[in-house]
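Keep in mind the model is a prediction, meaning the values are calculated, not measured. Throughout, protein chains are lettered first and strands after them, A, B, ... in sequence-line order, and every chain is numbered starting at 1.
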Amino acid sequence: MKQLIEVYTQNFNGVWFAFACTQQQIIASSFDSSQQVTLRNVLGNIPFDLPFQVFHEPSAFAKITLSFLKSIYEGQNVSVNFSLALTRLPAYTQKVLKATAQIPLGYVASYGSIAKAVGGGPRAVGNIMAANPFAPIVPCHRVVKSDFTLGGYGGGLRAKVELLGKEKRGFSSPKGIAVSGRQLMVFPVEYVLRDLD
DNA sequence: TGCAAACCATAAC
DNA sequence: GTTATGGTTTGCA
């Protein structure tokens, strides 16, 4: 018997969060100023062959997930080892999402640099960011253009700027992190924000 | 700056 | 199979 997928939606400080999960895994997540938009994002990422239901009383796992989402939204540093339902996604998509998840808080990486680390091209990476089922858990807001301008964001560029602003940690120099056996350069988020005034 | 061409996985036909 | 679509990048005027 297929496991029933639970869907939750909740407002926090004027922002709507929604996510779908089983008792162990997140299937999709989203946030937006509009409840309708965020709910639609989540529902659209539930596999069509699985039954789901909208719940109001969060299960234990859902409670954890909710506070996790809020923490991310507030720019807090939370560990990324959260169980996401990746296996139904195409292999390359999984690779890109995993690489993105490794960008540390306080830093950004470019579409092109991620492409170089995992293979493929920058536009393919951009397409996957645009379709990210796990916003903001997989921090696609930390992916920007190679010239440190913003690039795009599903929830609107204003939301991207706000999130990045909350993630400022005052780092001053780039560093390399290991991603699928290669080196991925990440840059302080201030590189992006300093030109925006 | 601005524009054209190359780039590349996906989804939609 | 084939085509269309981008949250891009690079080179060149």
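Comparing dA6(B), dT10(B), dG7(C) against the side chain of Arg123(A) picks out dA6(B) as the nearest.
Put simply, OH on Tyr111(A) is 16 Å from C1' on dC7(B), counting in whole angstrom units. A straight line from OH of Tyr92(A) to P of dT10(B) spans 8 Å, rounded to a whole angstrom. A straight line from CG of Asn127(A) to P of dT9(C) spans 13 Å, rounded to a whole angstrom. Between the CG atom of Leu164(A) and the P atom of dG7(C) there is a distance of 17 Å, rounded to whole Å. In this structure, the CZ atom of Phe148(A) is 16 Å from the C1' atom of dG7(C), given to the nearest Å. With rounding to whole Å, Phe48(A) atom CZ is found 15 Å from dA12(B) atom C1'. What separates CZ of Arg88(A) from P of dA11(B) is a distance of 13 Å, to the nearest Å. When rounded to the nearest whole Å, the span between NZ of Lys160(A) and P of dG7(C) equals 11 Å.
Using a 4.0 Å cut-off between a side-chain N of Lys or Arg and a carboxylate O of Asp or Glu, Glu167(A) and Arg142(A) qualify as a salt bridge. Comment: Arg40(A) does not engage Asp32(A) in a salt bridge, judged by the lack of any side-chain N to carboxylate O separation of less than 4.0 angstrom.
For Asn132(A) (side chain) and Ile128(A) (main-chain N/O), no donor-acceptor pair under 3.5 Å exists by modelled atom type.
A cation-pi contact, defined as under 6.0 Å to the ring centre and within 45° of the axis, is absent between Lys70(A) and Phe17(A).
Among the protein residues, Val143(A) comes within range of the nucleic acid bases, having at least one heavy atom under 4.0 Å from a base atom. Among the protein residues, Gly152(A) comes within range of the nucleic acid bases, having at least one heavy atom under 4.0 Å from a base atom. Across all strands, Gly154(A) comes closer than 4.0 Å to base atoms (heavy-atom distances).
Remark: the Tyr153(A) side chain and the dG7(C) base include no donor-acceptor N/O pair separated by less than 3.5 Å.
Side-chain contact annotation: Glu6(A) with Tyr8(A), donor-acceptor N/O pair under 3.5 Å present.
With ring centers used as reference points, Phe187(A) lies under 6.0 Å from Phe148(A).
Under 4.0 angstrom from either OP1 or OP2 of dT9(C) there lies at least one side-chain N or O belonging to Ser110(A). Between Ser146(A) and dT9(C) there is a side-chain polar atom (N or O) within less than 4.0 angstrom of OP1 or OP2.
Pairing analysis of DNA chain C (Watson-Crick: purine N1 to pyrimidine N3 plus N6-O4 or O6-N4; G-U wobble: N1-O2 and O6-N3; both under 3.5 Å) yields stems of 3 or more pairs at B:1-6 with C:8-13, B:8-13 with C:1-6.
Residues satisfying the side chain to side chain contact (heavy atoms under 4.5 Å, CB included) test with Ala131(A), not counting sequence neighbours, are none.
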